[in-house]
Amino acid sequence: IVLGTYLMRRIMNLQNFMEGYNMIDALRKRYEADIAHAQANIQVYLQNPAGIGEHPDLVAAVDDQIDKMAHAEDKLEILKKYYNGYTSTN
């Protein structure tokens, strides 16, 4: 019974770790996707500025995308600093 209780606790700890890992990994992927999305938008603005009618101020539009990238990178750094044990890219 003692060994069974010990194994159950170990299994529960592993399950909790994996759930935490999945959440942190999902956030990491989300922030990386946010960066890639902003980079793609900037690339479109740079390659075809005349085709972006809803953004007459392209400098402000690019600045907005850079803000999004900076915000996502800040979040990635927080994950690395405080939750590095839960990420797949240590």
Side-chain angles (χ1 to χ4, degrees):
I1 293 178
V2 173
L3 183 59
T5 302
Y6 172 77
L7 289 175
M8 287 301 294
R9 282 190 200 143
R10 295 288 292 172
I11 290 169
M12 289 173 66
N13 285 341
L14 181 59
Q15 286 173 335
N16 289 339
F17 175 80
M18 290 307 296
E19 288 171 5
Y21 168 83
N22 289 338
M23 285 187 283
I24 297 301
D25 199 47
L27 287 171
R28 179 187 56 79
K29 289 175 182 177
R30 177 181 181 175
Y31 303 147
E32 289 172 348
D34 289 347
I35 292 168
H37 185 173
Q39 287 174 322
N41 285 342
I42 290 171
Q43 195 64 32
V44 169
Y45 295 155
L46 295 176
Q47 289 179 350
N48 191 12
I52 313 298
E54 70 270 8
H55 293 291
D57 185 354
L58 290 178
V59 172
V62 170
D63 186 54
D64 181 56
Q65 296 305 306
I66 290 173
D67 279 344
K68 290 177 182 180
M69 290 171 63
H71 191 65
E73 283 189 359
D74 287 346
K75 289 180 175 184
L76 280 173
E77 286 303 313
I78 293 293
L79 290 182
K80 289 177 187 174
K81 183 175 180 178
Y82 295 103
Y83 303 99
N84 198 34
Y86 284 99
T87 61
S88 62
T89 56
N90 291 330

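For I66, the side-chain contact (heavy atoms from CB on, under 4.5 Å) test picks out I42, V62, with sequence neighbours left out.
Atom-to-atom distance recorded for I78:CD1 and I24:CD1 is 11.5 Å, nearest 0.5 angstrom. The distance from the CG atom of D64 to the OH atom of Y45 is 7.0 Å, given to the nearest 0.5 Å.
The cluster map of Ile, Leu, Val, Met, Phe, Trp and Tyr, joined by side-chain heavy atoms under 4.5 Å apart, puts Y82 and L27 in the same cluster. L79 and M23 fall into different hydrophobic clusters, defined by Ile, Leu, Val, Met, Phe, Trp and Tyr side-chain heavy atoms under 4.5 Å apart, directly or through other members.
Closest heavy-atom contact between H37 and Q65: O-OE1, 4.5 Å. Residues I35 and L76 come closest through the heavy atom pair CD1-CD1, 3.7 Å.
Pairs passing the salt bridge (Lys or Arg N to Asp or Glu O under 4.0 Å) check and including a residue from residues 70-79, sequence neighbours excluded, read E77-K80.
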